[in-house]
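Here the structure comes first, spelled out in structure tokens, and everything after it is commentary.
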Amino acid sequence: MMNKIRLIMVVLFACFSIPVLAIEVTEVKGKVTDATTKEPLSGATIYISDLKATTTTNANGEFTFTSIPAKGKFLVEVRYVGYKTTSKQVDLAANNQITFELEQSVIESAEVVITGTPYSSNNKTNSLAVVSVNREKLAQAAGTNIIDAIAKVPGISQVTTGGAISKPSIRGLGYNRVLTIVDGAREEAQQWGDEHGVEVDQFSANRIEVLKGPASLLYGSDALGGVINIIDDLVPAPGDFNGNFTTSYSTNNGLTASSLMLQGNTNGFVYRGRVSYKNAYGFSYGDKTVPNSGFNETNFSGMLGLNKTWGYAHLSLSKFSTNVGLVENGPNANGDYEDENGAIITKDEAQTRKLDLPFQNINHYRAALNSNILLGGGQLKTTLAFQRNIRKEFEESAIEPGLNLGLNSYTYDVKYSFANSGVWEPTIGLQGMHQTNLNSGDEFLIPDYTSDNIGAFAYLKRNFTNGAINAGIRYDYKNVDGDDLTADGNQVFTAFNNKFSNISGSIGFAFEIAKNLNLKGNAGSGFRAPNIAELGANGRHEGTFRYEIGNSNLKQETSLQFDLGLEYNAEKVTVGLNAYSNRIYNYIYPGNFNNETYPFLEENGSTTTLPLYRYVQTDAELLGGEASVDFHLIKSLHFENTFAYVKGTNKANNTALPFIPAASLNNELRFEPTIKGLKDSFIKIGLTNVFKQDRFDSFETETDGYTLLDAGIGTSLKVKNGKINVWVTGQNLGNKLYYNHLSRYKPAGIYNPGRNVSFGISVPLL
């Protein structure tokens with residue numbers, strides 16, 4: 001342990017000592033104007049992602065980057081409200097003034113993405129399907145957590161446990177098949193569990209990029225289904241010091257959520273601090289409130305870094321802490337909830353903010369060092385991270401946990417992009433992780449284990465005038481050692497050692513085949529080693545309503561996916577079409593076969609009969625697609641429509657795969673009036689249409705379709721140091737009683753949340 005700590009300290013010292021490198025600097029100036037009127041645009045944001053350099057235009061539309069490298073090619077992005085985001089590759093050695101002429105546009109799109117590419121890339125030249133959701137959209141979604149806030153993105157679904165926990169699912173794949181990235185590092189937080197959500201402060205996200213499809217080439221195991229990249233705030237411009245306070249309230253579960261952030265940039269020394277708090281009582285549907293379904297959450301995070309001529313190095317530290325009530329029983333035959341003595345729980349009693357037993361307590365600590373060093377004409381990007389996840393579940397006592405898991409994860413990600421002329425862009429990379437897990441409670445679900453994995457890849461992109469092609473290859477190796485455990489004279493876990501290795505690859509293209517018409521295609525293989533629960537589980541997981549038994553003989557999953565996308569972006573209409581085919585070999589899933597049960601002995605001596613689930617494998621196929629059509633017939637009126645469908649098939653018997661979301665169609669009409677003295681005003685009304693899911697696995701049941709009515713209104717008031725945003729949004733305004741097919745409370749007869757109205761305000765500070 002001490003050797004690991006020393007290694008981390010040496011790396012930290014080395015990265016923060018880099019300023020001694022002598023690198024020639026320059027000053028880059030430019031101007032941003034309206035493409036039609038040629039008038040200067042004041043307040044536009046100019047950003048160089050690979051340098052984390054930010055500046056804004058003055059009253060004359062002029063901007064200046066000072067003390068940046070005199071050599072190198074970097075993608076420069078310009079954003080301005082009401083105009084089409086644009087970017088261009090800039091050669092700093094040319095020392096010419098950069099000019100941007102922005103076109104007015106009602107189309108909101110992300111021009112530059114960092115997910116699915118080793119460096120910042122224009123999304124038009126990225127062959128993978130990547131969508132981006134900005135901070136304003138996240139806030140207006142009024143989600144109870146960060147995954148809930150993006151669940152309407154086509155192809156994205158959530159496995160929910162009430163309002164507190166949402167696990168992401170991309171194109172029918174979830175759990176350890178979707179990789180979440182926070183502070184540049186893969187999140188490791190026992191994500192194999194049904195009720196283990198993404199453990200990150202949702203207020204910290206400046207935007208979220210979602211990569212749909214296998215991403216094993218750049219991210220390794222667990223990115224077989226896709227990637228959710230949570231990206232923090234832009235670094236302030238030099239000399240800037242600002243902050244923000246955001247707060248909201250939701251009527252359905254009394255959710256109060258607030259966050260305070262301060263950040264600054266003093267001569268390249270950048271810093272940020274944030275504290276957030278959330279508290280909710282049980283969620284409601286109809287006239288019922290679900291007892292003990294509330295939660296509370298406290299988050300602290302900070303960032304210290306250097307933005308210098310040699311690049312940047314940022315150290316991010318955070319603590320995520322939450323307590324979540326676990327619901328053991330559904331309602332009785334009359335739809336009422338009873339306590340352990342059979343007495344009816346009143347609505348006032350169910351709306352207490354004090355959690356009862358059972359509940360889980362989670363603390364997740366994260367330290368991540370991100371750097372990009374300009375070296376040899378290229379870029380050396382590194383992410384070194386340490387995470388500690390402490391997960392406790394309290395059943396009989398609020399003092400002594402039954403299940404107590406402690407997971408330590410050390411991860412590293414090193415990539416070098418060679419110097420290039422903007423035509424051939426080669427990159428090589430090395431990634432790895434070391435994990436240890438320790439049980440400290442008197443109940444057990446997974447064994448103590450040690451895991452090590454390493455991966456290396458090579459990636460090459462060839463740019464053309466109207467597009468690009470890319471290809472890459474990767475090798476992965478993983479070793480998992482599970483420990484033996486005997487408790488009370490019973491063999492709980494048997495020791496095992498598993499080794500997995502894989503070669504994966506990807507090839508893709510993206511071309512503008514006609515004006516405003518972009519065609520993308522990608523063929524990629526994916527890889528996932530079985531997680532520890534699939535290999536070694538042996539126990540009841542509180543809140544899952546089942547007993548699980550793992551299989552240490554499981555093989556690794558591999559996949560082959562083909563993805564084809566077509567995008568049309570005109571002045572008054574945008575169209576997006578995506579179709580994909582994903583074949584997964586040795587697909588792992590839990591099954592309840594022949595209605596097996598397990599007599600589980602409770603601590604009080606009673607016996608509970610639980611359904612017994614075993615992990616098995618089969619070959620599987622997922623076919624589906626997404627479509628979007630947005631009409632902007634007049635500047636202030638938007639009519640946005642999205643559709644998503646996926647069909648999962650067990651190839652052994654042509655039956656349905658479990659946990660496949662139903663097809664959905666979302667429609668939203670959004671009016672953005674021009675009001676004197678106000679900015680970004682909007683009024684919106686939308687329908688969420690979810691179709692019947694009549695293809696389901698043997699342990700699932702059919703789920704009826706439903707339609708939900710949503711609406712919202714908001715505006716912004718321009719002030720000296722930014723703008724004050726206010727909004728009111730409503731979800732399920734018809735108070736519809738419905739089950740989402742992926743709700744874990746559905747088998748217990750607990751409906752999804754009913755009507756909810758959220759009020760929010762965001763105020764700039766300083």
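Fair warning: this is a prediction, and the values are worked out from it, not measured in the lab.
- Remark: side-chain polar atoms of Asp448 are paired, donor with acceptor, to backbone N or O of Asn439 under 3.5 angstrom.
- In this structure a side-chain-to-backbone donor-acceptor pair under 3.5 Å is present from Arg353 to Asn279.
- Between Ile114 atom CD1 and Leu75 atom CG the span is 12.0 Å, to the nearest 0.5 Å.
- The backbone N or O of Pro154 lies less than 3.5 Å from a partner atom in the side chain of Lys212, making a donor-acceptor pair.
- Contact check on Asp413 versus Lys381 returns no salt bridge, with no Lys/Arg side-chain nitrogen under 4.0 Å from an Asp/Glu carboxylate oxygen.
- A side-chain N or O of Asp563 and one of Asn578 form a donor-acceptor pair less than 3.5 Å apart.
- Among all heavy-atom pairs drawn from Ala529 and Lys478, the shortest one is CB-CD, 3.6 Å.
- Minimum interatomic distance between Ile228 and Pro168 (heavy atoms only, all atoms of both residues): CD1-CB, 3.3 Å.
- Minimum heavy-atom separation, Pro753 to Asn732: O-ND2, 3.3 Å.
- No donor-acceptor contact under 3.5 angstrom links the side chains of Asn408 and His434, judged on distance only.
- Using modelled atom types, one finds no donor on one side chain facing an acceptor on the other under 3.5 Å when comparing Asn372 with Asp50.
- Here the side chain of Arg388 pairs no donor or acceptor atom with the backbone of Asn363 at under 3.5 angstrom.
- In this structure, OH in Tyr119 is found 11.5 Å from NZ in Lys415, a value given to the nearest 0.5 Å.
- Atom CG of Asp232 is separated from atom CG of Asp183 by 6.0 Å, given to the nearest 0.5 angstrom.
- Atom CD1 of Ile231 sits about 8.0 Å away from atom CG of Asn206, to the nearest 0.5 Å.
- Checked by atom type, the side-chain pair Ser259/Arg274 shows a donor-acceptor distance below 3.5 Å.
- Between the side chains of Gln561 and Asn582, a donor-acceptor pair is found at a separation under 3.5 Å.
- When only modelled atom types and interatomic distance are considered, Ser301 and Ser318 share no side-chain donor-acceptor pair under 3.5 Å.
- A salt bridge links Asp222 with Arg186: the closest approach of a Lys/Arg side-chain nitrogen to an acidic carboxylate oxygen falls below 4.0 angstrom.
- Of the possible polar contacts, one joining the Thr251 side chain to the Val757 backbone as a donor-acceptor pair under 3.5 Å is found.
- Asn176 and Asn531 form a side-chain donor-acceptor contact under 3.5 Å, judged by distance and modelled atom types alone.
- Side chain to side chain, Ser120 and Ser49 meet the donor-acceptor criterion of an N or O pair below 3.5 Å.
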*Dump the intermediate steps for side chain to side chain contact (heavy atoms under 4.5 Å, CB included) on Phe203 and Asn299, then the final yes or no.*
CA-CA 10 Å; Phe203 288 105; Asn299 299 302; over 6 Å; no

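- Between the Ser157 side chain and the Pro661 main chain, no donor and acceptor come within less than 3.5 Å of each other.
- Counted by atom type alone, Thr85 and Arg79 present zero donor-acceptor pairs between their side chains at under 3.5 Å.
- Using a cut-off of 4.0 Å between Lys/Arg side-chain N and Asp/Glu carboxylate O, Asp201 and Lys278 are scored as not salt-bridged.
- No hydrogens or angles considered: nothing links the side chains of Thr322 and Glu297 as a donor-acceptor pair under 3.5 Å.
- In this structure, Asp148 and Gly143 approach most closely via the heavy-atom pair OD2-CA, 3.2 Å.
- No hydrogens or angles considered: nothing links the side chains of Ser221 and Asp476 as a donor-acceptor pair under 3.5 Å.
- Shortest non-hydrogen contact noted between Ile170 and Val210 is CD1-CG1, 4.0 Å.
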*Determine, stepwise, if the pair Arg207 / Glu136 fulfils salt bridge (Lys or Arg N to Asp or Glu O under 4.0 Å).*
CA-CA 9 Å; Arg207 76 178 190 276; Glu136 287 73 22; over 6 Å; no

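- Here the CG atom belonging to Asn389 is positioned 6.0 Å from the CG atom belonging to Leu407, to the nearest 0.5 angstrom.
- Side chains of Ser321 and Thr298: no donor on one and acceptor on the other come within 3.5 Å.
- For the side chain to side chain donor-acceptor pair (under 3.5 Å) with Gln387, the qualifying choice from His364, Glu199, Glu188, Gln435 is His364, the only one to do so.
- At distances below 3.5 Å, at least one donor-acceptor pair connects side-chain atoms of Thr54 with backbone N or O atoms of Val235.
- In terms of modelled atom types and a separation under 3.5 Å, the side chain of Asn666 and the main chain of Thr642 share no donor-acceptor contact.
- Residue Lys392 places its NZ atom among 12 or fewer non-hydrogen atoms of other residues, nucleotides or ligands, all under 6.0 Å distant.
- Inspection of the Asn370 and Thr383 side chains reveals an N or O donor paired with an N or O acceptor under 3.5 Å.
- With ring centers used as reference points, Phe759 lies 6.0 Å or more from Tyr249.
- Between Asp356 and Asn292, the side chains place no donor N or O within less than 3.5 Å of an acceptor N or O (distance only, hydrogens not considered).
- The main-chain N or O of Ile588 is found under 3.5 Å from a side-chain atom of Glu557 such that the two form a donor-acceptor pair.
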*Walk me through it: do Ile532 and Asn437 pass the test side chain to side chain contact (heavy atoms under 4.5 Å, CB included)?*
CA-CA 10 Å; Ile532 190 62; Asn437 182 79; over 6 Å; no

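- Between Phe269 and Tyr271, a ring centre-to-centre spacing shorter than 6.0 Å is recorded.
- Minimum heavy-atom separation, Ala644 to Gly155: CB-N, 3.5 Å.
- Distance alone, capped at 3.5 Å, places no donor-acceptor pair between the Arg474 side chain and the Gly429 backbone.
- With hydrogens and angles left out, the side-chain atoms of Asp240 and Asn242 include a donor and acceptor closer than 3.5 Å.
- Seen from the ring of Tyr312, Lys52 counts as a face-on cation partner, given the 6.0 Å and 45° thresholds.
- Contact check on Asp710 versus Lys684 returns no salt bridge, with no Lys/Arg side-chain nitrogen under 4.0 Å from an Asp/Glu carboxylate oxygen.
- A donor and an acceptor atom, one from each side chain of Asn725 and Ser716, are located under 3.5 Å apart.
- Between Phe283 and Tyr745, the two ring planes are parallel [angle under 30°; tilted spans 30° to 60°].
- For the residue pair Asn145/Gln202, the side-chain donor-acceptor check at 3.5 Å is not satisfied.
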*Candidate pair Val113 and Asn126, rule side chain to side chain contact (heavy atoms under 4.5 Å, CB included), full reasoning*: CA-CA 8 Å; Val113 296; Asn126 189 0; 3.7 Å; yes

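- Lys152 and Glu668 are not joined by a salt bridge, as no carboxylate oxygen comes within less than 4.0 angstrom of a charged side-chain nitrogen.
- Here the CD1 atom belonging to Ile373 is positioned 5.5 Å from the OG1 atom belonging to Thr382, to the nearest 0.5 angstrom.
- Counting only N and O atoms by type, the side chains of Thr115 and Glu209 include a donor and acceptor under 3.5 Å apart.
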*Please test Leu403 against Leu445 for side chain to side chain contact (heavy atoms under 4.5 Å, CB included), starting from the C-alpha separation and ending with a verdict.*
CA-CA 8 Å; Leu403 189 71; Leu445 177 61; 4.2 Å; yes

